[in-house]
There are 2 protein chains.
Amino acid sequence: MRTIVESSGLPADVYSAECPTRQVLNHIAGKWTILIVDALIDGTMRYTDLARRVQGVSQKMLTQTLRQLEADGFLTRTVHPTIPPRVDYDLTELGRSLAGPIAALREWTEAHINEIEKARQRASK
Amino acid sequence: MRTIVESSGLPADVYSAECPTRQVLNHIAGKWTILIVDALIDGTMRYTDLARRVQGVSQKMLTQTLRQLEADGFLTRTVHPTIPPRVDYDLTELGRSLAGPIAALREWTEAHINEIEKARQRASK
DNA sequence: CAGCATCCCCGTTGATACTG
DNA sequence: CAGTATCAACGGGGATGCTG
């Protein structure tokens, strides 16, 4: 089934450098996107929850990635005007539909890590 | 089902910065990896085939990504000692098992591009 | 054809400090 | 708590030229 991109009238094609799908794919393939979306599958997380869960991410990249995901419509950002402040992040319906394929990728990686490490050892000889 | 990483004895966990799965996930999330693996689903491709198919990739990044994928055991590189030279790239069994989740991601992107562009327009107002 | 080597830029990322 | 601001560094990535 072939999608027509409404903004251009052309068929969606990630292989085309100019197709908007390419940019979206690059967002999804960002260093932190997969981990963040995957972390939100089980429900709402606060900023600090995510920072603790996604080990190694800096504040800057966490914020930056979250804003990008929000702009793409994958998650919502809810600010509670309390003191101290509290911000909740939740997947949108669109985000949840993306979370499936993303979880599959995470699971694949975890399931095949031993096979990959063996291949690497063979390659380094 | 929980995988134990043989090299460390610890459970596989992409959320841990030190887990080898994290590095593999970062490879998969590389700017060109998804497109290249996806392009190989239908079978053998030569270097120039890939360069033409994956629009926008430079020779350097194409070569670099192919070598990384080879080292990870996702594809094989077969050099035919002919003149002019000819090099075939094929997914390994491991690579084909990865291609499933990757194709799902590409298909998701192409299927939802219009919804995403609408979200972006709302975000930019 | 299928690359490797080199130069070099600039965008991404990280560290650090500060704030409502 | 949940960021923002700023600076510095690193390496991803492109352009060009050359080769077996």
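Convention: sequence-line order gives letters A, B, ...; per-chain numbering from 1. Here the structure is a predicted model, which means the values were calculated and not measured.
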When the distance from [atom1] of [X] to [atom2] of [N] is rounded to whole Å, what number comes out?
X: B/L62; N: D/dA15; atom1: CG; atom2: C1'; result: 16 Å
X: A/E70; N: D/dA2; atom1: CD; atom2: P; result: 15 Å
X: A/Y47; N: D/dG3; atom1: OH; atom2: C1'; result: 6 Å
X: A/H80; N: C/dG20; atom1: NE2; atom2: C1'; result: 18 Å
X: B/W32; N: D/dG13; atom1: CH2; atom2: P; result: 8 Å
X: A/I83; N: D/dG3; atom1: CD1; atom2: P; result: 16 Å
X: A/R52; N: D/dA2; atom1: CZ; atom2: C1'; result: 13 Å

Side chain of [X] only, heavy atoms from C-beta on: which candidate in [options] is closest?
X: A/K31; options: C/dT13, C/dG3, D/dG3; result: C/dT13
X: B/Q59; options: D/dT4, C/dT13, C/dC4; result: C/dC4
X: B/R77; options: C/dG3, C/dC1, C/dG14; result: C/dG3
X: B/S58; options: D/dT4, D/dC1, D/dG14; result: D/dG14

* Structure fact -> Between B/M61 and A/R46, the residue closer to the 5' end of DNA chain D by nearest nucleotide is A/R46
* Structure fact -> Contacts of A/D49 and B/K60 projected onto DNA chain D by closest heavy atom; the upstream (5') one is A/D49
* Any B/Y89 side-chain N or O less than 4.0 Å from OP1/OP2 of C/dG3 -> yes
* To do: Tell me whether the OP1 or OP2 atom of D/dA2 has a side-chain N or O from A/R67 closer than 4.0 Å.
  => no
* Asked: Can you check whether B/W108 and A/F74 have ring centres sitting under 6.0 Å from each other?
  -> yes
* Closest contact, heavy atoms only, A/D72 versus B/A119 -> O-CB, 3.7 Å
* Would A/H112 and B/L94 satisfy side chain to side chain contact (heavy atoms under 4.5 Å, CB included), going step by step from the backbone distance to the final call? -> CA-CA 8 Å; A/H112 293 82; B/L94 182 62; 3.6 Å; yes
* Start at the 5' end of DNA chain C and walk down; is the nucleotide closest to A/P85 or to A/Q64 reached first? -> A/Q64
* Asked: Any sub-3.5 Å donor-acceptor pair from A/R22's side-chain atoms to B/Q55's backbone N or O?
  -> yes
* Asked: When rounded to the nearest 0.5 angstrom, what distance separates NE2 in A/H80 from OG1 in A/T78?
  -> 5.5 Å
